[in-house]
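Each ligand, and each atom within it, is numbered from 1 in the order the structure gives.
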Amino acid sequence: MSIFAAMAAGGHRQLVFCHDPAAGLRALVAIHDITLGPGLGGCRMWPYATEAEAVADALRLSQGMTAKSALAGVNYGGAKVVIWGDPNRDKSEVLFRALGRFVHSLGGMVVTGTDAGTNPEDFVAARQETPYLVGLPPAYGGSGDSSETTAYGVFVGIQACLEEVYGDGDLKGRRVAVQGCGKVGSKLVRRLVEAGAEVAVADVDAARSRAVARRYGARVVDPEAIYDEPCDVFAPCALGGVINDATVPRLRCRVVAGAANNQLAEPRHAAALQDRGILYAPDYVINAGGLIQVADELDGFDRDRVMRRTAAIGPMLRAIFRVARERSITTLEAAEWMVRRRLAGVAALRTVYRPQGGGPANPRPGGA
Ligand code: NAI
């Protein structure tokens, strides 16, 4: 597919190619939708096999950020930065400063931070070139690791799912299978066990799952067997694409709700789960805690506010489940409908005259 055809299909506005041979930088800034405010999205560094793969990833990820922000109540749009390079080999001060200059050249239309392949320290250098950054190390004014916030959002989301399925969100005696015991998964396990759930954990890094199980009182399951584990909730907290043709028939749960991004191999797997009577919490809704945290940095970071806003993931999921029920559609379709509704509502506000001065909390570049 040509780039313009791909942008038309996804509804993207802009794709900026950034090239600085001296710095060894080849990067893309994808801007999907800025209805809600400047585009906010992390910076992924990945050794893509082809240029087309890098373009496709930047477009897909920026589109996902629009939806995530829209339903997290965040007043930022959807954008993503992709550096085409090997994070283990190609990082340098100059590369990140060059990236910072390109981000700055967009005049605040895009704000970026860490994602797969980049870490908060990388952006300390970029800070010399632009203020349009989030997720810096706390010593440089950032809010620090977001995994605790993400885990909290997933926890309240699981409660909302249990309430939908059983009429009671209490975790006491409920069985949860957590796939992945990394930064988010391990913190989710802690919260679940504290709430009285029986937790099974799996990780391809066996030492990690053993350590988490011992520390919090969970049971270790083989990573390949986690899909067959009889449970109330299957919580994917590792990789994307784990809900697919091979795994859906194996699941023995009533709910799929976890932190991993892009859990569904394809959108049609939302219907496949529904057909099996399994409630799916759309991943970009339930895992929005990290985004809520970094977006809050732009308003002057306040941890209590972040946790309060993350707790709103519960009511948001309940609203999605209600729309899905009322319209006989999947929870994914219901979430997409609610994204479109928020964007259309905010876009229509521009038809109401607002005089200049006493501007909004989140001024839009260009003053639109
Ligand atoms: P992490 O890298 O700390 O942990 C991932 C864990 O999954 C690792 O322990 C890894 O060994 C394990 N793993 C990988 N493949 C596996 C498999 N096939 N079976 C079982 N375990 C496997 O990553 P983190 O930060 O905990 O994130 C987890 C997921 O949540 C990712 O998909 C991430 O994109 C997503 N996410 C994370 C956020 C955050 O605030 N850290 C925010 C939103 C989404």
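- Looking at ligand 1, you won't find any N or O of Asp205 less than 3.5 Å from one of its N or O atoms.
- For Gly290, no nitrogen or oxygen atom sits less than 3.5 Å from a nitrogen or oxygen atom of ligand 1, counting backbone and side chain alike.
- A salt bridge is absent between Asp228 and Arg252; no separation between the charged side-chain nitrogens and carboxylate oxygens falls under 4.0 Å.
- In the vicinity of Ser147, heavy-atom distances shorter than 4.0 Å reach the ligand 1 atoms 40 (O).
- Between Arg250 and Glu224 there is a salt bridge, with a side-chain nitrogen of the basic residue lying less than 4.0 Å from a carboxylate oxygen of the acidic one.
- Below 30°, between 30° and 60°, or above 60°: for His32 and His12 the angle between ring planes is above 60°, a perpendicular geometry.
- For a threshold of 3.5 Å applied to N or O pairs, the pair formed by Gly185 and ligand 1 contains no separation below that value.
- At a heavy-atom cutoff of 4.0 Å, ligand 1 is contacted by the side chain of Arg208 but not by its backbone.
- At a heavy-atom cutoff of 4.0 Å, ligand 1 is contacted by both the backbone and the side chain of Asn287.
- Here is the list of ligand 1 atoms found below 4.0 Å of a heavy atom in Gly180: 7 (O), 21 (N).
- Panel note: side chain Thr118, backbone Cys43; a donor-acceptor pair is recorded below 3.5 Å.
- The residue among Ala259, Gly42, Ala151 with a heavy atom at the shortest distance from atom 35 (C) of ligand 1 is Ala259.
- Against a heavy-atom cut-off of under 4.0 Å, Leu239 is close to the following atoms of ligand 1: 15 (N).
- Residue-to-ligand polar distances keep Lys68 apart from ligand 1: every N/O pair is separated by 3.5 Å or more.
- Summary of contacts: the protein heavy atom closest to atom 42 (C) of ligand 1 is Thr150 OG1, 3.5 Å.
- From the protein, the heavy atom lying nearest to atom 10 (C) of ligand 1 is Asp203 OD1, 3.5 Å.
- Using a cut-off of 4.0 Å between Lys/Arg side-chain N and Asp/Glu carboxylate O, Arg305 and Asp296 are scored as salt-bridged.
- The number of heavy atoms from other shown groups lying within 6.0 Å of OH (Tyr166) is above 12.
- Distance from atom 33 (C) of ligand 1 to its nearest protein heavy atom, with residue and atom name: Asn261 ND2, 4.0 Å.
- Applying the 4.0 Å criterion to heavy atoms of Val204 picks out, from ligand 1, the atoms 11 (O), 13 (N), 14 (C), 15 (N), 16 (C), 17 (C), 18 (N), 19 (N), 20 (C), 21 (N), 22 (C).
- Salt bridge status for Arg26 with Glu51: absent, with no side-chain N to carboxylate O gap under 4.0 Å.
- Using a 4.5 Å heavy-atom cutoff, the side chains of Ile320 and Leu71 are in contact.
- Between Lys183 and Asp145 there is no salt bridge, since none of the side-chain N atoms of the basic residue sits less than 4.0 Å from a carboxylate O of the acidic one.
- Annotation: atom 27 (O) of ligand 1 to nearest protein heavy atom, Val184 CG2, 4.0 Å.
- Below 4.0 Å from some heavy atom of Ala260 lie the following atoms of ligand 1, by number and element: 29 (C), 30 (O), 32 (O), 35 (C).
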Dump the intermediate steps for salt bridge (charged side-chain N to carboxylate O under 4.0 Å, His left out) on Glu148 and Lys187, then the final yes or no. CA-CA 6 Å; Glu148 185 66 57; Lys187 295 174 182 93; 5.3 Å; no
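- Remark: Arg13 CZ is loosely packed, at most 12 non-hydrogen atoms of other residues, nucleotides or ligands lying under 6.0 Å away.
- Listed by number with element, the atoms of ligand 1 under 4.0 angstrom from any heavy atom of Gly182 are 3 (O), 4 (O), 6 (C), 9 (O), 26 (O).
- If you look at Ser146 next to ligand 1, the close heavy atoms, those under 4.0 Å, come from the backbone and the side chain alike.
- The option with the heavy atom closest to atom 31 (C) of ligand 1, from among Ala207, Ala238, Cys237, is Ala238.
- Aromatic pair Phe234/Tyr227: centroids less than 6.0 angstrom apart.
- In terms of protein heavy atoms, atom 23 (O) of ligand 1 is closest to Lys183 NZ, 3.9 Å.
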